[in-house]
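One structure below.
Just so it is clear: chains get the letters A, B, ... in the order the sequence lines come, proteins before strands, and each one is counted from 1. Values reported hereafter were calculated over all heavy atoms of this structure, with side chains retained and with hydrogens, waters and symmetry mates removed.
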Number of protein chains: 2
Amino acid sequence: MKTTAKKKSLNPSDWEKATLDVIAHQGVSAVAVENIAKDLGVTKGSFYWHFANRKDLIVAALKRWQSDDKEVIKQEIWSIPDPHERLNAWFLLSAQPLQSHLIYATLLADRQHDFVAKVLKEVTLERLAYLQKSFQEIGYVEGQAKQQALMSYSVYVGYLHMAKTLHGKFKDSNNIENYAKYVAKQLIPA
Amino acid sequence: MKTTAKKKSLNPSDWEKATLDVIAHQGVSAVAVENIAKDLGVTKGSFYWHFANRKDLIVAALKRWQSDDKEVIKQEIWSIPDPHERLNAWFLLSAQPLQSHLIYATLLADRQHDFVAKVLKEVTLERLAYLQKSFQEIGYVEGQAKQQALMSYSVYVGYLHMAKTLHGKFKDSNNIENYAKYVAKQLIPA
DNA sequence: AATTGTCAATACGCAAGCGTATGGAAAATG
DNA sequence: CATTTTCCATACGCTTGCGTATTGACAATT
């Protein structure tokens with residue numbers, strides 16, 4: 001579903017974005033060059049001009065996802081000086097329906113592939129690090145901050161899967177922002 | 001890696017167990033009848049005597065997993081009358097390195113398949129229900145109990161993925177049971 | 001002893017999907 | 001205007017993996 005007839009020629013970036021769409025909704029294993037080509041309105045012949053093979057495409061797409069995500073955190077989270085507010089903002093951001101979150105959730109599934117596992121580990125460790133840092137700024141000692149960060153991040157990951165698994169079954173009863181606030185209240189000391 | 005030379009003939013149950021092994025470590029998409037046959041020391045010809053097709057095998061395996069899991073909860077959790085103790089036991093059980101948990105984690109990944117999504121939803125809703133019930137017994141009103149259950153369960157799911165993603169990177173610093181107790185203390189009111 | 005039922009091996013057809021080879025059209029460049 | 005570069009289509013070969021067909025071996029039954 002691309003807005004057809006916009007530009008005449010494709011670049012690697014277009015392929016990466018289309019690939020991320022597939023990863024977000026169907027996982028890495030579902031990335032098939034012929035299908036993505038069809039989505040973009042071309043055939044396989046085009047793909048192998050831009051990329052060497054399927055794996056290169058996926059790696060490039062994941063790299064793009066990783067750096068885009070890092071940029072968002074930098075802009076939206078690290079710009080907040082107060083650690084309380086910052087953590088609150090992070091929980092709110094986590095509950096937002098962003099493609100970035102979907103991708104993270106599916107990657108957790110496809111970590112059998114070593115190149116997926118690599119990106120995943122990097123991203124996870126970095127996220128844990130800045131959560132831990134914020135909790136330390138609040139006053140937690142290192143050990144506790146580490147556990148609190150791990151727990152907070154687990155809530156995030158768990159939530160992603162819940163939302164996917166349960167569908168409407170649970171955004172009816174209580175809306176998402178409410179839940180995010182509830183969680184934040186539980187995990188961030190007053 | 002089966003203990004070869006034990007019994008001369010296979011039954012559906014053997015196939016289901018071998019399938020769950022694959023699902024636990026590589027996910028549903030990795031279930032290939034020819035490979036599982038090799039694991040069991042036979043060839044494809046045998047498989048199609050026991051099952052109609054690949055999907056039937058997976059469905060049967062998942063059904064087995066679901067009922068086995070239900071049985072464990074019934075034995076280990078519901079036998080505990082006090083809700084505080086019961087919830088504590090549940091968190092401890094969650095941190096145990098059981099195959100059942102691995103399977104749940106990979107299923108979250110492979111929920112593109114409708115038959116996986118179905119089992120997953122059933123299991124998740126049931127688990128949320130008994131968590132919620134226990135929190136209500138503690139004194140939470142329904143709405144809060146629901147959110148608390150969701151959050152607790154999210155920590156569980158998130159933890160499963162963390163453990164997989166981070167590998168040794170985090171069972172060094174603090175052992176798993178310690179973390180489980182820390183989480184329980186945070187989520188279960190004194 | 002003959003027959004039937006149970007479990008498994010082998011061989012085949014078939015579709016999906018990756019990667020390659022080759023040629024062509026359109027745009028940039030000289 | 002000629003030529004090179006850029007981007008894409010078509011056609012092919014190859015592998016993987018599902019499902020079927022056929023045959024066989026061994027055990028249970030009569």
Practice problem: Would you tell me whether A/Gln186 and B/Gln148 have side-chain atoms, one donor and one acceptor, within less than 3.5 Å of each other? | Solution: yes

Quiz item: B/Val42 side chain: which of C/dA9, C/dG19, D/dT6 is closest?
Solution: C/dA9

Exercise. Using only side-chain N and O atoms of B/His50, determine if any of them is under 4.0 Å from OP1 or OP2 of C/dT6.
Key: no

Exercise. Provide, to the nearest angstrom, the distance between the CZ atom belonging to A/Phe47 and the C1' atom belonging to D/dC7.
Key: 14 Å

Quiz item: On the ring face of B/Tyr156, is B/Arg127 found with NZ or CZ under 6.0 Å from the centre and within 45° of the axis?
Solution: no

Practice problem: Can you tell me the distance, in whole Å, between the CZ atom of B/Arg54 and the P atom of C/dC14? | Solution: 22 Å

Quiz prompt | Which nucleotide in D/dT20, D/dC8, C/dA8 has an atom nearest any side-chain atom of B/Lys44 | solution = D/dT20

Quiz item: On DNA chain C, nearest-nucleotide positions of A/Gly45 versus A/Glu34: which is more 5'?
Solution: A/Glu34

Practice problem: Could you check which of C/dT20, D/dG17, D/dG19 has an atom nearest any side-chain atom of B/Ala32? | Solution: D/dG17

Quiz item: Quick one: A/Lys38 NZ to D/dC8 C1', roughly how many Å, whole number?
Solution: 16 Å

Exercise. Please name the residue in the list A/Trp49, A/Tyr48, A/Phe47 that meets the ring-ring contact (aromatic ring centres under 6.0 Å, His included) test with A/Trp15.
Key: A/Phe47

Practice problem: Go through C/dA9, C/dA11, D/dC8 for me and flag the one nearest to the A/Thr43 side chain. | Solution: D/dC8

Practice problem: Could you work out which one of D/dA11, C/dC7, D/dC8 sits closest to the side chain of A/Ser46? | Solution: D/dC8

Quiz item: Just how far, in rounded Å, is P of D/dC18 from NE2 of B/His113?
Solution: 12 Å

Self-check item: Candidates C/dC18, D/dC7, D/dG19 - which lies nearest the side chain of B/Asn53
Solution: D/dG19

Practice problem: May I have the distance from B/Asn35 (atom CG) to D/dT15 (atom C1'), rounded to whole angstrom? | Solution: 14 Å

Quiz item: Got B/Trp78 and B/Arg86 here, is their nearest side-chain heavy-atom distance under 4.5 Å?
Solution: yes

Quiz item: D/dA27 C1' sits how many Å from B/Leu10 CG, rounded?
Solution: 16 Å

Practice problem: In whole angstrom, give the distance that lies between atom NZ of A/Lys55 and atom P of C/dG19. | Solution: 11 Å

Quiz item: So A/Lys38 and A/Glu34, salt bridge (charged side-chain N to carboxylate O under 4.0 Å, His left out) or not? Walk me through it.
Solution: CA-CA 6 Å; A/Lys38 192 180 288 179; A/Glu34 270 148 315; over 6 Å; no

Self-check item: Atom-to-atom span, CD1 of B/Ile36 to P of D/dG17 - whole angstrom
Solution: 12 Å

Quiz prompt | Candidates C/dC7, D/dT20, D/dA9 - which lies nearest the side chain of B/Tyr48 | solution = D/dT20

